[in-house]
There are 2 protein chains.
Amino acid sequence: MKKDKVAPICEIEIVNAKNVKKARKRIADTENILDIAETFKLLGEPTRLKIVMAITECELCVCDLASAMESNISTISHQLRLLRNAKIVKYRKEGKMVYYSADDKHISDIIEIVKEHTKEG
Amino acid sequence: MKKDKVAPICEIEIVNAKNVKKARKRIADTENILDIAETFKLLGEPTRLKIVMAITECELCVCDLASAMESNISTISHQLRLLRNAKIVKYRKEGKMVYYSADDKHISDIIEIVKEHTKEG
DNA sequence: AAAACATTTGTATATTTGTTCAAATGTTTA
DNA sequence: TAAACATTTGAACAAATATACAAATGTTTT
């Protein structure tokens, strides 16, 4: 057997077993990794990202949000449901109106960071 | 015409014109909004997020990365290309080997923040 | 030069998903 | 109670995309 190599797993030879082990551990230790991916995925769609940015500093009803986005009310409502479930946006009912806002600091923080990241590219 | 309402745009009545205008402006002012969404989208897929996390603290060749992820080399390579284009990961060639790493501080920062965010939910 | 190997790339396919229309729900007002 | 309105929800369709296999590229070694 060659110097650093280890028995193959999944038919793949391992070159640096130590680093592979570390990587495996890092992934395994992140128990809510699917939830993290889900949050990123929700922000990774222009319509939804725009929704979040639109209601970052002031709340809007679904109707006005659709207007601001120049989009369909139904489309906005569908996307809002996804964002709501992930606790990325919150809402407040007032009669038949529903006002949405995105006051979660975490979310606006990461949007700012990614904004910086893409600017540099 | 009713009190606060304004002429319809896209067949939608506007309730709070001031906030709609602010929202529109906030969206319009973010010139690279599609790039921002793209970065989020790339992190929003479990395979790619795991890749990034795997190589956050130590570099790995494609082969070992595939092993650590228990996945296909081709699949990993395809996803690495996307991550590379978005400057989320970088690589270093050494002969026929290619070592990938994700040392971008921005990226590990936002992953940590989202990790916190999802924990609270 | 050829064999061996790591990685990349092209193609095809199955799955996911964003959007739209239509209908349903729930609230206010006449 | 009925009409008007805001929002939600269901269903269907088109578009995007993650994955796998096969072939191509590029590098090292014999």
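Numbered from 1 within each chain, the chains take letters A, B, ... in sequence-line order.
- In this structure, Y100(A) and Y91(A) have tilted ring planes: the angle between them lies in the 30° to 60° band.
- Protein atom CG of L65(A) is 13 Å distant from nucleotide atom P of dT19(C), rounded to whole Å.
- Atom-to-atom, CZ of R92(A) to C1' of dA6(D) comes out at 15 Å; the value is rounded to the nearest Å.
- Rounding to the nearest 0.5 Å places NZ of K41(B) at 11.5 Å from CG of L49(A).
- Checking the phosphate oxygens (OP1, OP2) of dA6(C), no side-chain nitrogen or oxygen of Y100(B) falls inside 4.0 Å.
- Atom-to-atom, NZ of K96(A) to C1' of dA3(D) comes out at 11 Å; the value is rounded to the nearest Å.
- Checking side-chain atoms of R48(A) against main-chain N and O of A37(B) turns up no donor-acceptor pair under 3.5 Å.
- What separates CG of D64(B) from P of dC5(C) is a distance of 16 Å, to the nearest Å.
- Side-chain N/O atoms of R81(B) include none lying less than 4.0 angstrom from OP1 or OP2 on dT7(C).
- The side chain to side chain donor-acceptor pair (under 3.5 Å) test applied to R26(A) returns no partner, not counting sequence neighbours.
- Rounded to an integer number of Å, the gap from OH of Y99(A) to P of dA6(D) is 10 Å.
- With hydrogens and angles ignored, a donor-acceptor pair under 3.5 angstrom links the side chain of S74(B) to the base of dT9(C).
- Proximity of a side-chain donor or acceptor of D64(B) to a complementary backbone N or O of N16(A) within less than 3.5 Å is detected.
- Using a 4.0 Å cut-off between charged nitrogen and carboxylate oxygen, E59(A) and R92(A) count as a salt-bridge pair.
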If the sugar-phosphate is the primed atoms plus P, OP1 and OP2 and the base is the rest, what is the B/S/- string for nucleotides 12-19 of chain D, using protein heavy atoms under 4.0 Å? -----SSS
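- Put simply, OH on Y91(A) is 11 Å from C1' on dT8(D), counting in whole angstrom units.
- Taking all atoms of both residues into account, the shortest heavy-atom contact from N32(A) to T118(B) is ND2-OG1, 2.6 Å.
- For the pair E70(B) CD and dA20(D) C1', the interatomic distance rounds to 17 Å; values are reported in whole Å.
- In this structure, CD1 of I73(A) is placed 11 Å from C1' of dT8(D), rounded to the nearest angstrom.
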